[in-house]
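Working notes, structure below.
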Amino acid sequence: MKMKEKYPLMQIVDSSGNLVSGQYESQLSEEKIKNFFYHMTRLRTYDRRGKALQRQGRIGTYVPFEGQEAAQVGSALALDDNDWMFPTYRDHGAALAFGGDLDRLLLYWNGRVEGALPSQTKRILPAAVPIATQLPHATGAAMAEQYKGSNQAAIAYFGDGATSEGDFHEGINIASVFKAPVVFFNQNNGYAISVPIEKQMNSETIAQKAVAYGIPGIRVDGMDVFAVHLAVQEALERARRGEGPTLIEAVVCRFGPHTTADDPTKYRDQEKVEKMREEIDPIVRLERLMKNKNIWDENWVSQMQHEVEVEVNDAVERMENHEKPDPSVMFDYVFEDPTWSIQEQKEDLLERSRF
Amino acid sequence: MKMKEKYPLMQIVDSSGNLVSGQYESQLSEEKIKNFFYHMTRLRTYDRRGKALQRQGRIGTYVPFEGQEAAQVGSALALDDNDWMFPTYRDHGAALAFGGDLDRLLLYWNGRVEGALPSQTKRILPAAVPIATQLPHATGAAMAEQYKGSNQAAIAYFGDGATSEGDFHEGINIASVFKAPVVFFNQNNGYAISVPIEKQMNSETIAQKAVAYGIPGIRVDGMDVFAVHLAVQEALERARRGEGPTLIEAVVCRFGPHTTADDPTKYRDQEKVEKMREEIDPIVRLERLMKNKNIWDENWVSQMQHEVEVEVNDAVERMENHEKPDPSVMFDYVFEDPTWSIQEQKEDLLERSRF
Amino acid sequence: MVMTDNRIREQEMFTTNSYTVIQAINDGLKTMLATNKKVLLLGEDIGVNGGVFRATEGLQNEFGDHRVIDTPLSEAGFVGTAVGMALNGLSPIVEIQFLGFIYPAYEQIATHVSRMRSRTLGKYHLPMVIRAPYGAGVGAPEIHSDSAEALFTHMPGIKVVCPSNAYDAKGLLIASVEDPDPVLFLEPMRLYRGTRQEVPANKYSVELGKGTYIKKGDDVSIFAWGAMVPVAEKAAIDMKKEGYTCEVIDLRTLYPLDKEIIAESVQKTGRAIIVHEAHGTGGVGSEITSIINDTSFLYLKSPVERVTGFDVPVPYFAIEHEYLPTPERVKKAIKKSIEF
Amino acid sequence: MVMTDNRIREQEMFTTNSYTVIQAINDGLKTMLATNKKVLLLGEDIGVNGGVFRATEGLQNEFGDHRVIDTPLSEAGFVGTAVGMALNGLSPIVEIQFLGFIYPAYEQIATHVSRMRSRTLGKYHLPMVIRAPYGAGVGAPEIHSDSAEALFTHMPGIKVVCPSNAYDAKGLLIASVEDPDPVLFLEPMRLYRGTRQEVPANKYSVELGKGTYIKKGDDVSIFAWGAMVPVAEKAAIDMKKEGYTCEVIDLRTLYPLDKEIIAESVQKTGRAIIVHEAHGTGGVGSEITSIINDTSFLYLKSPVERVTGFDVPVPYFAIEHEYLPTPERVKKAIKKSIEF
Ligand SMILES: Cc1ncc(C[n+]2csc(CCOP(=O)(O)OP(=O)(O)O)c2C)c(N)n1
Ligand SMILES: Cc1ncc(C[n+]2csc(CCOP(=O)(O)OP(=O)(O)O)c2C)c(N)n1
Ligand SMILES: [Mg+2]
Ligand SMILES: [Mg+2]
């Protein structure tokens, strides 16, 4: 267990909702607690609706993130408005918390490229589908900020399985050499689809992989929104100070399937997971914290829950009433000026659809 | 300097030819010393001839390894006859020491595919030209030995620059997960062509990269043939015991250019290198050791030097008298049975050459 | 062992199962694992999970995790590992979860998988198979729907195979595994579960490099493979009603292409239509056009028509059906060819 | 800044330098670094070393190591890094040391470089250039001599450019850097130093997507690019002696191909020869053949002839000249076409 001691799990609020050490008291203003609670509740409402919509055949395959809300909210809210976010297909929660647009996210799950870009204003890239390919992009965006002499940073999201890909290694190595202002934020949910982390790597932790690049590696309880938030904040400050990248391992639990097309019972005991969640659910932890601090306000909570319900309902409605897809989008954005073959093919298709 | 202390440079004989600690006395039998000296002298004779032949336009671009003889001999002689060797373009010295065929090596530098495979009997693969691609091969060959239940291992050679490639990471990660019997032997000569190691990585050492895979990382004085030999021997034993891979960093100095097409004065002070070599030349170190131990035998040395000269002369002559290249080799080994287009093209070419 | 137990063999000879394409592939893998100890499977989620499409369902259970190996998420790594295994006498079958995820392994395939035999003048060869589901039409996310066959048919040293039905899927897979050289085996996702076919329980193979006639006809030759074969067939059936008979050829192997069947059919009909879902520019269709140019110039009554995916990235699934060739598009091309 | 100093501009207008191809490329890079602060260079050994072919000689000295960046040995990594830089408003020019080493970056190019604009409906686009020396004939080691253009002309979202002389090299490079979309810029190693040409000192560009006539003629059209242009030219000169005039077209851009010039020439001569050093099967030659089929079917007097590298890995250098098309092979094809 040596490495797990060298990289202890940073925690601020434990699963029973108690502060682990007085030093963090300052992190827990009522306003901050409520803000985290609001965002995590909003994400879960959206996420559960996503699963439901898929079951009802109203959207395509959906990637749920239930259980990872603290990691995604805590990290996203640590970013500056003009920082860069490079999410994966599972990090639409983080995108939403950072300022992504609900309508677009839902459109994306409906197979609409119009929803690929989570925001028109925030610098959030479309979900990277090929595993780990977004890490070098974050490095490059960060190096460009360096080049411009700005104070902005980038964050790359990725999973435990992604650490096995060459792009994970190359993206971090390059960032470390140029001291690029980037945070490599890993959500270790213990599985790459069905493959458990023991079959993914021989290292006890993901944080220790930072040693290969001579950069700090931090292991944090990813079910503790405060711990995640602080760790990412500190890493962003390092980045802005010109001290280079940080690798953060947020240990989380994916409560549900890999995607709505996945059957987790084929590779793990879901009942165990369900039992576990009673203890570790990141939202319940906040509820316990608020109750322990006597700031749990039923009215505020139900009012807030109602509001996010309404917000999601409206977004779903807009998604479903969104103008029908126009096939010409596939031709119009391959190049600034379509090449002759693209032009001919477009005319050919539109002519056909006129039949 | 923390990491350099965590991964101290293992040494057995220092540059003045003295044993650094009595514990290693047993490593230094006269026979062993002379055998190392013989192999390193043989490699250098071959290597210098290679450079000369290129200058005289008798072979193509040549990749010298002068300065890296101890690393290549020490590692190669630690292998069992049936182990697998996966060299790079610079490790023909190791191939030669392990049992590669001088004639073939020279043919290779003459642009002849007939020389690509260093041996018909030893399991030495052709030099991997695309950097780091051979690491996964070594992992796979080792896993196949595991699968067969044999006791054989594999060794992969690679340079400091190779550590930046994804295949370095993926090859070692997979080996670590399956505890494959493989040794990852790095020769850190401080340069990837012109790029110094500080621009290649932010880590102080290469050995520390082993932490990412939860495997041992060893840093050894690559100019000390005994230290290299022992480190590789121990790593091979671990591998055969089923304890998995080891990453060894042999710190060496490439005295010459990257290749005969390279001009090192564009990126480093060659005079400094020349000064340095007076102290660190791995062959001179052995000479000093033998003199210190009073086993330096002029007659044996000049006799041996004469023999390797003759051996190399004969090989060069055979290389130059080798049958002229037959263009049909390019068609006959793409598939076991040539496809129709390859067959047609071959006939077309042979017909032409009959003009 | 199945191979040595004649009773089982003979009985199997006459047994067939009604299988979907994915079941036939599972059966082919099982057959090879059972009959050749050198065969092992490598890939992501192929073990307990049985593969995301269930191609390897039950195989780890039956043959053990030393034969059916869940690898790390590392395509370059495990393709390179398979190269090392094949160098050392094994016959690995690697699964790339979706063809669009073969790109990270491209260097291993382009510089080693395809060149090891020529580099070693045959002293080493790589009897390995890379399996990959390909193609659009199943509502998968971005990158999951590529048809990248042409990125491998221009790579000397590897064969490219693509079945369109259950019988061929098992027979071509077995032939690919037994081939002494590397084979990229493309599986049309869209046909995995659509139809069933009687598939012999025994070990049989379908020869690589040979196309087959799905339909005979006199007026036009239609060349297709994989998921485009039913599209071509449908167009041929419709044209019949309009009084034209089309010859539909399933090429089955994309490298090496079956030059004989291409020439034979075009020299009979004088008209050729090629249907593939990959982008038109630089697709295998342009190579087939060139083969027709080389072999059948004087027989052509009209220009060869290519009905293909467009020169755009495969679109997100809401409009992927607009990207894919349809029987209507094929019919339009046939008419253009006939009315030329 | 050069751009704002008219005196310098005007003077440059009329100045030319006698440059080799590699010098013209160096001049083009220098011009772009000097005139556009968003331009920076990334690659292996491009700094103090000036690149293994000296394409970037002196540039780090002049523009600093924040503009001319030596990267780690990490093609996927620095191409991906360039994607991130381009997303963030810069115009990176990446050097791949030899085209055969672009394969590790294939996933980045196939899934991001070429798809970012379409994925974001134009909100983001990647004005980046990937430069790579390509081709055989200089006695380089294995993998250093590949002609892999066809592995990128079948990839929607990236353009492929290949100059054959110093003037075009600078002009096409500048046009590529200023193009709002990604460009793969292929540099014929074999022509780097062979000949000199007067190259204007000022900033000029040669339009992408347009071929050019190297020779006009009536009997046969020969299409080539890069290092095959002089080979085609030599064949044309020899044929002249035998009484035939050949039209030699340097296509210059391989995606998008110049359909007009191909059709115009073939419709005039009725005969077409395509010369490229990449493997014949699946090469760009088969796409050109298909374009001729599509545009000029009724004009063809004989089948299109492809003179190409063989369907084998580029051989080790002792026999690489046997692999490469020669004027003799081109002449043989011309005669075959004429005598058909
Ligand atoms: C290069 C590549 N290979 C395979 C896949 C298929 N795939 C999608 S998600 C996934 C598992 C990823 O696991 P992890 O990185 O832990 O992230 P998580 O899904 O757990 O959030 C795989 C194998 C892919 N998208 N890209
Ligand atoms: C994938 C790839 N990229 C680039 C090259 C060109 N190249 C050949 S050797 C070399 C430097 C390798 O340095 P290092 O790994 O330290 O080994 P050394 O040459 O010092 O022994 C480079 C960049 C290559 N062969 N393969
Ligand atoms: Mg995971
Ligand atoms: Mg080095």
Side-chain angles (χ1 to χ4, degrees), chain A residues 84 86 113-114 116-117 119-120 123 125-150 152 154 156 165-178 180 182 329-344, chain D residues 37-38 40 42 66-67 69-90 92 104-105 107-108 110-112 114-125 127-128 156-159 179-182 208-209 253 255-260 287 291 294:
Chain A
W84 289 82
F86 292 84
V113 67
E114 296 85 347
L117 197 66
S119 166
Q120 276 289 5
R123 297 158 138 186
L125 270 288
V129 168
I131 299 296
T133 51
Q134 73 279 17
L135 275 77
H137 302 169
T139 296
M143 285 175 71
E145 292 298 335
Q146 224 174 12
Y147 182 79
K148 298 174 187 174
S150 88
Q152 298 306 320
E165 291 280 9
D167 278 8
F168 158 84
H169 175 68
E170 298 192 32
I172 300 181
N173 182 60
I174 292 177
S176 73
V177 167
F178 295 103
V182 52
V329 296
M330 87 172 94
F331 301 100
D332 297 348
Y333 301 95
V334 182
F335 295 101
E336 181 167 88
D337 304 312
T339 57
W340 60 264
S341 70
I342 294 174
Q343 198 51 46
E344 285 180 6
Chain D
K37 284 254 169 296
K38 292 179 168 179
L40 36 79
L42 295 165
H66 62 300
R67 302 284 308 277
I69 304 170
D70 272 319
T71 63
L73 214 177
S74 181
E75 289 80 7
F78 65 73
V79 168
T81 297
V83 168
M85 290 175 159
L87 283 169
N88 199 352
L90 303 183
E107 179 182 37
Q108 283 290 341
T111 68
H112 293 299
S114 60
R115 301 193 210 208
M116 195 60 76
R117 181 189 284 272
S118 53
R119 179 182 295 146
T120 63
L121 300 182
K123 166 90 176 174
Y124 290 99
H125 65 105
M128 61 188 278
I158 186 167
K159 298 176 182 176
D179 193 276
D181 289 300
L208 304 187
T253 295
Y255 186 87
L257 281 163
D258 185 345
K259 185 185 186 179
E260 278 67 34
E287 185 56 36
I291 288 175
D294 297 345

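All values reported here derive from a predicted model rather than from experimental measurement. Lettering of chains follows the sequences in order, A, B, ..., and the numbering in each one begins at 1.
- Chosen from D:P256, D:G157, D:P156, the residue pairing most often with chain A at heavy-atom distances under 4.5 Å is D:G157.
- Among A:L117, A:T133, A:D337, A:V113, the residue making the largest number of heavy-atom pairs under 4.5 Å with chain D is A:T133.
- Heavy-atom pairs under 4.5 Å with chain D peak, among A:M143, A:K148, A:R123, at A:K148.
- Looking at D:F78, both its backbone and its side chain come within 4.5 Å of chain A, counting heavy atoms on both sides.
- Ring-plane geometry between D:H112 and A:H137 is classed as perpendicular, the angle between the planes exceeding 60 degrees on a 0 to 90 degree scale with a lower cut at 30.
- Residue A:Y147 touches chain D through its side chain alone, counting heavy-atom pairs closer than 4.5 Å.
- Heavy atoms of A:V177 lying under 4.5 Å from chain D belong exclusively to its side chain.
- Of the listed residues (A:I174, A:T139, A:N173), the one with the most heavy-atom contacts under 4.5 Å to chain D is A:I174.
- Between chain A and the options D:R117, D:M85, D:R67, heavy-atom pairs under 4.5 Å are most frequent for D:R117.
- Only the backbone of D:I158 comes within less than 4.5 Å of a heavy atom of chain A; no side-chain atom from C-beta onward does.
- If you measure heavy-atom distances from D:D70 to chain A, the contacts under 4.5 Å come from the backbone alone.
- Using a 4.5 Å cut-off between heavy atoms, A:I342 touches chain D through its side chain atoms alone.
- Neither the backbone nor the side chain of D:A82 has a heavy atom closer than 4.5 Å to any heavy atom of chain A.
- With a 4.5 Å cut-off on non-hydrogen atoms, A:S341 touches chain D through its side chain but not through its backbone.
- With a 4.5 angstrom heavy-atom cutoff, A:E344 touches chain D only via side-chain atoms.
- When each of A:F178, A:F86, A:W340, A:F335 is scored by its heavy-atom pairs under 4.5 Å with chain D, the top score falls to A:F335.
- Looking at D:I291, only its side chain comes within 4.5 Å of chain A, counting heavy atoms on both sides.
- Interface residue A:E114: backbone and side-chain heavy atoms are both found under 4.5 Å from chain D.
- Of the residues considered (D:K159, D:R115, D:K123, D:K38), D:K123 shows the highest number of contacts with chain A, using heavy-atom pairs under 4.5 Å.
- Interface remark: D:H66 contributes backbone and side-chain atoms alike to the contact with chain A (heavy atom separation under 4.5 Å).
- Only the side chain of A:L125 has a heavy atom closer than 4.5 Å to any heavy atom of chain D.
- Between D:T253 and D:D258, every side-chain heavy-atom pair lies at or beyond the 4.5 Å cut-off.
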